[in-house]
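Numbers here simply count residues along the sequence, with the first being 1.
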Amino acid sequence: MSNLIPPHGGKGLTVCLLEGAELEAEKKKAEGLKKVEISPRVKGDLIMIGIGGFSPLTGFMTKADWKGVCEDFLTADGTFWPVPVCLDVSQEDAAAINDGDEIALYDPKGDEIMATMKVTEKFELTEADKTWECEKVFMGEGTPTAEEFWKIAKEDHPGVQMVMAQKPVNLAGPVKVLSEGNYPTKYAGVYHRPSESRKLFEERGWSEVAALQLRNPMHRSHEYLCKIAVEVCDGVYIHSLVGNLKPGDIPAEVRVECIDALVKNYFVEKNVIQGGYPLDMRYAGPREGLLHAAFRQNYGCSKMIIGRDHAGVGDFYGMFEAQTIFDKIPTPEGGKGLLCQPLKIDWTFYCYKCDGMASLRTCPHAKEDRVLLSGTMLRKMLSEGGDLPDHFGRDEVVAILRKYYEGLTEKVEIKTHKAATGN
């Protein structure tokens, strides 16, 4: 009997990834089905459904699910879920597919059939529908009115851009997943299925596990957050995104190397495990913080470290809005509610007068005494060849990042925002 938190949804891990003879038979069958191309975002969602990371989901959402998730954080059957998981297709593809048809979901970039799917519903999302979804999912306290939001969202919010660029028709239905792409080989030892992370935690005797979400290189603030979590939990799962990011973000293999250096030199290794997961970022701020908690529950984590601007972008979200949203969500019973709880930690920084890492709750000194830390500022300074302030990052990590930036032939402008600069 496991002492870990149960998977989200009350149904255990709903694994849709086929193996063995069943996999070979479905692959053969898929060759004769209509092929539908999928986007990188859909590919990541598909793999997460396959490995049980998106339990209890077993396929792509219906229109009732989509509407309920956007409006009330609930799927049609009353399960908590914060962000839509939908499969968008062209009008041409949709016209050739009927309810009840089986199709093959094809990744053009990897030249691979990723899954088969039985279509149970087709529904169109108009421009007005997509606009409504963006306002529900992406609009935070940083842009309190729709008018202010849309003034900048279409050009400056990558999540909004992805939704508005989606094809017009969605297909719903259960999937049988045939592949995890190149993640198991490219990130061998780091990429985990939820069943694998749970096994690792159990082998160490952990029951209370905190997850740290990473899409930026690990700087001193991340390190401090992890060490706070180690003090109050059995262990920490440093779980970084190895799917697609926006231009200017640092590739996963570089971030993995940085985490390795930090864990080796600055942690008691038995208290930390590094992992990776295959999603694309949605940049949904508070809503994405909830999504991160929901699927970390499936990985076996009972706590989700939530800082000042979790999964934020620009100035769209209010400071600590990703923490307060946990207090406002519905709490359905029977395993359908979110059980993974936020580990809410205040803004952290290095303080010269404190002579160490501190937070707004522990440090009485002025802003000028502090080295304000953010992944965005770290990337901006390094991309421009500038010097970092003392105590911004560990020397081993900075050396890895400098080597990466020196090897770039094309520079991407990195914009700062209030959460990155302390304003």
Side-chain angles (χ1 to χ4, degrees), residues 2 4 6-33 35-61 65 75 79 81 83 85-87 102-120 171-202 237 239-244 252 275-280 291-292 294-301:
S2 176
L4 295 171
H8 179 52
K11 299 178 181 178
L13 290 177
T14 53
V15 175
C16 302
L17 180 68
L18 302 185
E19 295 183 323
E22 193 178 8
L23 170 62
E24 294 309 312
E26 196 69 19
K27 278 184 174 180
K28 188 174 180 180
K29 176 180 158 184
E31 291 172 5
L33 299 177
K35 285 202 302 187
V36 174
E37 290 191 3
I38 58 174
S39 66
R41 190 210 73 212
V42 169
K43 177 182 174 180
D45 290 350
L46 192 58
I47 295 172
M48 287 291 275
I49 293 170
I51 63 178
F54 272 178
S55 297
L57 305 188
T58 56
F60 290 100
M61 292 181 172
D65 291 327
T75 61
T79 300
W81 200 267
V83 176
V85 179
C86 295
L87 169 60
E102 287 190 87
I103 58 174
L105 302 182
Y106 173 72
D107 168 29
K109 190 173 180 182
D111 189 25
E112 182 180 26
I113 293 177
M114 297 296 297
T116 60
M117 175 180 176
K118 185 170 184 178
V119 178
T120 59
L171 303 180
V175 297
K176 294 178 181 178
V177 179
L178 311 180
S179 172
E180 296 165 270
N182 67 351
Y183 290 109
T185 52
K186 186 174 182 180
Y187 300 105
V190 172
Y191 170 82
H192 296 146
R193 299 173 183 176
S195 59
E196 293 168 339
S197 62
R198 285 175 167 269
K199 184 179 179 183
L200 290 171
F201 301 161
E202 286 169 346
Y237 191 40
H239 204 203
S240 57
L241 181 148
V242 294
N244 291 321
Y277 68 97
L279 284 182
D280 289 10
L291 179 66
H292 289 161
F295 74 72
R296 268 24 177 277
Q297 183 177 329
N298 291 325
Y299 277 86
C301 300

Which distance, rounded to the nearest 0.5 Å, do you find between the CZ of Arg296 and the CG of Leu291?
->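 If I round to the nearest 0.5 Å, the distance is 8.5 Å.
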Can you name the side-chain contact (heavy atoms from CB on, under 4.5 Å) partners of Val242, sequence neighbours left out?
->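 With neighbours one apart ignored, the set is Tyr183, Tyr187, Ala252.
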Mind checking what makes side-chain contact (heavy atoms from CB on, under 4.5 Å) contact with Pro184, not counting sequence neighbours?
->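 Once residues adjacent in sequence are excluded, the partners of Pro184 under the side-chain contact (heavy atoms from CB on, under 4.5 Å) criterion are Glu180, Tyr191.
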Are any of the side-chain heavy atoms of [X] and [Y] separated by less than 4.5 Å?
X: Ile51; Y: Glu196; answer: no
X: Leu33; Y: Thr116; answer: yes
X: Met48; Y: Phe295; answer: yes
X: Leu178; Y: Ile113; answer: yes
X: Val177; Y: Leu46; answer: yes
X: Trp81; Y: Met61; answer: yes
X: Leu105; Y: Ile103; answer: yes
X: Pro7; Y: Gln297; answer: no

Show your reasoning for whether side-chain contact (heavy atoms from CB on, under 4.5 Å) applies to Tyr106 and Ile38.
-> CA-CA 6 Å; Tyr106 173 72; Ile38 58 174; over 6 Å; no
So which heavy atom on [X] is nearest to which on [Y], and how close?
X: Leu279; Y: Leu241; answer: O-CG, 3.3 Å
X: Ala104; Y: Ala30; answer: CB-O, 3.8 Å
X: Pro108; Y: Glu37; answer: CG-OE1, 3.8 Å

Measure from the side-chain N and O atoms of Arg198 to the backbone N and O of Asn298, and report whether any donor-acceptor pair falls under 3.5 Å.
->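 A pair under 3.5 Å: yes.
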Is it true that a side-chain atom of Thr120 and a backbone atom of Ala172 form a donor plus acceptor pair closer than 3.5 Å?
->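 Checked: pair present.
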What pairs of residues pass the salt bridge (Lys or Arg N to Asp or Glu O under 4.0 Å) test when at least one of them lies in residues 107-120, not counting sequence neighbours?
->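 Residue pairs with at least one partner in residues 107-120: Lys43-Asp107.
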Please list, chain by chain and in numerical order, all residues satisfying ring-ring contact (aromatic ring centres under 6.0 Å, His included) with Tyr237, sequence neighbours excluded.
->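 Once residues adjacent in sequence are excluded, the partners of Tyr237 under the ring-ring contact (aromatic ring centres under 6.0 Å, His included) criterion are His192, Phe201, His239.
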For residues 10-24, tabulate all N or O donor-acceptor pairs below 3.5 Å that involve a side-chain atom, not counting sequence neighbours.
unit_1 : atom_1 : unit_2 : atom_2 : d
Thr14  : OG1    : Ser55  : OG     : 3.2
Thr14  : OG1    : Leu57  : O      : 3.4
Glu19  : OE2    : Arg193 : NH1    : 3.1

Return the set of residues passing side-chain hydrogen bond (donor to acceptor under 3.5 Å, both in side chains) with Ser2 (not counting sequence neighbours), or none when no residue passes.
->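 Applying side-chain hydrogen bond (donor to acceptor under 3.5 Å, both in side chains) to Ser2 gives Glu202.
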Please name all residues satisfying side-chain hydrogen bond (donor to acceptor under 3.5 Å, both in side chains) with Thr58, sequence neighbours left out, ordered by chain then number.
->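 So Thr58 forms no side-chain hydrogen bond (donor to acceptor under 3.5 Å, both in side chains) with any residue.
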Should Val85 and Phe60 be marked as a side-chain contact (heavy atoms from CB on, under 4.5 Å) after you check the CA-CA gap, both sets of side-chain angles, and the distance that decides it?
-> CA-CA 6 Å; Val85 179; Phe60 290 100; 4.1 Å; yes
Show your reasoning for whether side-chain contact (heavy atoms from CB on, under 4.5 Å) applies to Thr79 and His8.
-> CA-CA 9 Å; Thr79 300; His8 179 52; 3.8 Å; yes
Candidate pair Ile47 and Tyr277, rule side-chain contact (heavy atoms from CB on, under 4.5 Å), full reasoning = CA-CA 9 Å; Ile47 295 172; Tyr277 68 97; over 6 Å; no
All salt bridge (Lys or Arg N to Asp or Glu O under 4.0 Å) counterparts of Glu102, not counting sequence neighbours |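 So Glu102 forms a salt bridge (Lys or Arg N to Asp or Glu O under 4.0 Å) with Lys29.
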Using salt bridge (Lys or Arg N to Asp or Glu O under 4.0 Å) as the criterion, list what pairs up with Asp65, not counting sequence neighbours.
->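 By the salt bridge (Lys or Arg N to Asp or Glu O under 4.0 Å) rule, Asp65 matches no residue at all.
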